[in-house]
Amino acid sequence: MSKQINDFIRQTYQYFYIDGLPELASGSMYLVTGILLAVMTRVESGTLAAGLVGLALIPIILGGIYLQNRLLRHLKERITYLRSGYVSYRRERKDSRRWIVIVVALLLPFVLTLLPEQWQDLPLVIGGILGSVHMYMGYRLSIKRFYIEGAFAVFLGIVAAIFLNNEVLGAAIIFLGAGIVLMAAGGLTLRHYLQTHPLPDEVTG
């Protein structure tokens, strides 16, 4: 009985990701974070300008998360709930990958401005964090594509650490690469969902 309950709970939360929209939303935030970090590479490290650019990440990321949540809710109402029904969770389901983006983005500016001489491990840390989150979600929710997304983030972290001297640029490439993969996975998942879940009037028509 306990296994059946756990399977039912897992399937309920799998439904949140059935349409690929959360991955499209998370991928967009990864891309925004990567672009902001790429901009930081154009500013001399350890300067006031670098600190200001780093601090600008905080309102930009938080504002992006807020707008993203509203847009995701709107899209699910217009696309998903009309096709396969609405599921009410005990607590509003959040995509934890987006919160990882927030944590990394908020801490990263301080690492860059206060400890510039210790950047060497930054790509490995970011790639490891993002990869671990995706793989953990894949394990908890039994969604295989999350393992691929996580493995790619780890791969990017290793490559950036080995071949790039600019660790901020390496971090930017990790977010940009992971964001592109998420957008692609979310787009393919959404396409499959629309093909397999037509609107009721499309079926009867």
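Both backbone and side-chain heavy atoms feed into the values below; hydrogens, waters and symmetry mates do not.
Across all their heavy atoms, Ala172 and Ala38 have their closest contact at CB-N, 3.7 Å. Scanning all heavy atoms of the two residues, the minimum distance from Ser26 to Gln68 falls at N-OE1, 3.4 Å. When all heavy atoms are compared, the tightest approach of Glu23 to Ala185 is OE2-CB, 3.8 Å. The shortest non-hydrogen separation linking Thr189 to Ile18 is CG2-O, 3.5 Å. When all heavy atoms are compared, the tightest approach of Gly131 to Ala153 is N-CB, 3.9 Å. Nearest approach of Gly187 to Leu24, heavy atoms of both residues: N-CD2, 3.6 Å.
Without hydrogens or angle criteria, Tyr147 side chain to Tyr139 main chain gives a donor-acceptor distance under 3.5 Å. A distance-only check finds a donor-acceptor pair linking the side chain of Arg83 to the backbone of Ile79 [under 3.5 Å]. No side-chain donor-acceptor contact under 3.5 Å links Tyr30 to the backbone of Val181. At distances below 3.5 Å, at least one donor-acceptor pair connects side-chain atoms of Tyr15 with backbone N or O atoms of Ser84.
A continuous path of Ile, Leu, Val, Met, Phe, Trp and Tyr side chains, each step under 4.5 Å between heavy atoms, connects Tyr17 with Leu75, placing both in one hydrophobic cluster. Residue Ile129 is not grouped with residue Leu169 when hydrophobic side chains (ILVMFWY) are merged at heavy-atom distances under 4.5 angstrom, including chains of intermediate members. Met183 and Ile35 fall within the same hydrophobic cluster, defined by Ile, Leu, Val, Met, Phe, Trp and Tyr side-chain heavy atoms under 4.5 Å apart, directly or through other members. Criterion: ILVMFWY side-chain heavy atoms under 4.5 Å apart, direct or through other members. Under it, Ile173 and Leu36 are not part of a common hydrophobic cluster. If you chain together hydrophobic residues whose side chains sit under 4.5 Å apart, Leu71 and Tyr66 never meet in one group.
Met29 contributes atom CE, which lies 12.5 Å from atom CG of Leu182 (distance to the nearest 0.5 angstrom). Here the CG atom belonging to Leu31 is positioned 6.0 Å from the CG atom belonging to Leu176, to the nearest 0.5 angstrom. Within the model, atoms CG of Leu82 and CG of Leu199 stand 6.5 Å from one another, a figure rounded to the nearest 0.5 Å. Interatomic distance, Leu194 CG to Leu190 CG, rounded to the nearest 0.5 Å: 4.5 Å. Note that OG1 of Thr80 is 4.5 Å distant from OH of Tyr193, once rounded to the nearest 0.5 Å. Note that the CG atom of Leu37 and the CD1 atom of Ile126 stand 6.5 Å from one another [nearest 0.5 Å].
Within a 6.0 Å radius of CZ in Phe155, no more than 12 heavy atoms belonging to other residues, nucleotides or ligands are found.
Cation-pi geometry between Lys76 and Tyr86 is not met: the NZ or CZ atom fails to fall both under 6.0 Å from the ring centre and inside 45° of the normal.
A donor-acceptor contact closer than 3.5 angstrom is absent between the side chains of Thr41 and Asn166.
Residue Ser142 is tested with Gln14, Met137, Gln11 for a side chain to side chain contact (heavy atoms under 4.5 Å, CB included); the sole match is Gln14.
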